[in-house]
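To start, the structure under review is shown below, and the notes come after it.
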Amino acid sequence: MINALRGMKDIMHTKGELYEKIINTAQNVAKNYGYTLIKTPHLEQTTLFKRSVGESSDIVGKEMYQFIDKGENDVCLRPEGTAGVVRAFIEAKLDKAGGVYKYFYHGSMFRYERPQKGRLREFHQFGVECFGEADVKEDASVILMLNEILNKLNIKTTLKINSLGDASSMASYRKKLINFLNDHDDKICPDCKRRKELNPIRVLDCKVDSCQEIYKNAPIMSDSLSDEAKNDFNKLQEILNASGVSYEIDTKLVRGLDYYCKTAFEFVSDEIGSQSAVAGGGRYDRLVEYLGGRASYGVGFAMGVDRIMEILDSRQNECERDGIYVCALDEENVDFVFSLATKLRQNFKTNISYKAKKLQKHLNDADKANAKIFLCVGENERKNGEIFYKNLQNKDEKTINLSEVEKILG
Ligand code: ATP
Ligand code: MG
């Protein structure tokens, strides 16, 4: 037997329905916020991710699906969505044109991580990116958008926010942090030693307990914020308060990458064990320039679709009954049922059985198909121009006239 690769999963049955529900919900909300679909290739030049995600990140350091293709090109399966969208934005010369551009995307991302619950090698993200908007109201909008998506999906989360300051605040904070790290050099883990050289702020994100113990006393970013960054962070909080969205300030929350600035945020669930981050985002005003474009503002988020699917799948009855199941008790009525199904399919999701079976067998099949309405024709019903109706959700059942079928289905 040929199996799927480790850390790569098929999405089917209830998971397939949940996947669709998550994407549909997210894109409907994103469209209402003025965002439009962008699709970029799964495969890009490796340099794109090295330059954008950054050499200091775990993604570039350890997790890339990188290979040389038949044309000797160094390529990489995308580990995240932002880099490709920024590349597309620059390639379309929108950075030079000016103005505000808003995109949403969804699809597969690839990271060579150790597979475990909530951590796959091919996983799925829904994300948004806004270019050209300096106003912190857009930072607030993307947070409100994500909050609305999660609410609509009934996912309970905690929102954590932080400000990483702008370029000037970051420079002075870096100095303070490096001094602190030099004082504790003998106690921090090897990964943090590497981070200290490449991008010190990433140490705050370290998963090692003994490091976190040390960083409790580390200088915090909020003490180094410039006036502008401080004002924006206050304004962001004002908007969240006014919108009734609760949040926690987490001074250790870093998106870790060089290009992030000012707003950083994460939504964390307490329903899914240790891999609890369901979405994260922030402002990246330097990324476009970093990738060779004209300096343009940027803000966005990425949401982990698989972790949300896990949460919804672990709850019962999440996949509500839906659609009709039509069937016949006798062979002579199957053709009639077929034409009925064809008519119903113009307006309703309709499953049909091509085989005549006993009532209980049909009911079992309808249950398996997760249908809501069961319609069955037997000899007597056919003679009287009637059909047997059962609502499989509230168990209501009756024999109705054929002319009433569409009315009762609403
Ligand atoms: P983590 O700290 O869990 O590794 P991350 O910071 O690497 O997450 P991001 O790059 O911010 O994650 O990606 C956004 C979201 O994508 C995460 O919040 C998570 O829900 C999801 N995600 C990231 N990596 C994986 C993975 N390997 N498998 C499944 N989902 C993932
Ligand atoms: Mg990760």
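Read the numbers this way: they start at 1 and go in the same order the structure lists the ligands and their atoms. Source: prediction; values computed, not measured.
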Discussion item. Yes or no: does Glu80 have any heavy atom under 4.0 Å from an atom of ligand 1?
Written reply: no
Contacting atoms of ligand 1, where contact means under 4.0 angstrom from a heavy atom of [X]:
{"X": "Gly118", "value": "28 (N), 29 (C), 30 (N)"}
{"X": "Ala302", "value": "14 (C)"}
{"X": "Ala279", "value": "18 (O)"}
{"X": "Gly304", "value": "15 (C), 16 (O), 20 (O), 21 (C)"}

Worksheet item: Taking only residues two or more places apart in sequence or in another chain, which ones pass side chain to side chain donor-acceptor pair (under 3.5 Å) with Lys187?
Response: none
Practice prompt. For ligand 1, find out whether one of its N or O atoms is nearer than 3.5 Å to an N or O atom of Leu120.
Written response: yes
Worksheet item: Under 3.5 Å, N or O to N or O, is Ala277 touching ligand 1 that way?
Response: yes
Can I get a per-line list of side-chain donor-acceptor pairs under 3.5 Å for residues 61-73, giving both atom names and the distance, sequence neighbours left out?
{"residue": "Gln66", "atom": "NE2", "partner": "Asp74", "partner atom": "OD1", "Å": "3.1"}
{"residue": "Gln66", "atom": "NE2", "partner": "Asp74", "partner atom": "OD2", "Å": "3.3"}
{"residue": "Asp69", "atom": "OD1", "partner": "Gly71", "partner atom": "N", "Å": "2.8"}
{"residue": "Asp69", "atom": "OD1", "partner": "Glu72", "partner atom": "N", "Å": "3.2"}
{"residue": "Asp69", "atom": "OD1", "partner": "Asn73", "partner atom": "N", "Å": "2.9"}
{"residue": "Asp69", "atom": "OD1", "partner": "Asn73", "partner atom": "ND2", "Å": "3.1"}
{"residue": "Asp69", "atom": "OD2", "partner": "Asn73", "partner atom": "ND2", "Å": "3.1"}

Looking only at heavy atoms, is any part of [X] under 4.0 Å from ligand 1, and if so is it the side chain, the backbone, or both, or is it neither?
{"X": "Met109", "result": "neither"}
{"X": "Val278", "result": "backbone"}
{"X": "Arg119", "result": "both"}

Worksheet item: Can the ring centres of Tyr101 and Phe89 be said to be less than 6.0 Å apart?
Response: yes
Worksheet, complete the sentence: Closest heavy-atom pair, Phe267 versus Leu150, reported as atoms and distance to 0.1 Å, is CD2-CD1, 3.6 Å
Item to complete: Kindly give the heavy-atom pair with the smallest separation between Phe110 and Phe123, and that separation in Å.
Response: N-CE2, 4.4 Å
Worksheet item: Do other residues, nucleotides or ligands put more than 12 heavy atoms under 6.0 Å from the NZ atom of Lys196?
Response: yes
Practice prompt. Report yes if the side chains of Met170 and Cys261 come closer than 4.5 Å at any heavy-atom pair, otherwise no.
Written response: no
Worksheet item: Are any non-hydrogen side-chain atoms of Tyr284 and Phe131 less than 4.5 angstrom apart?
Response: yes
Worksheet entry | Nearest-option assignment for atom 7 (O) of ligand 1, heavy atoms, candidates Met309, Gln125, Arg111 | Arg111
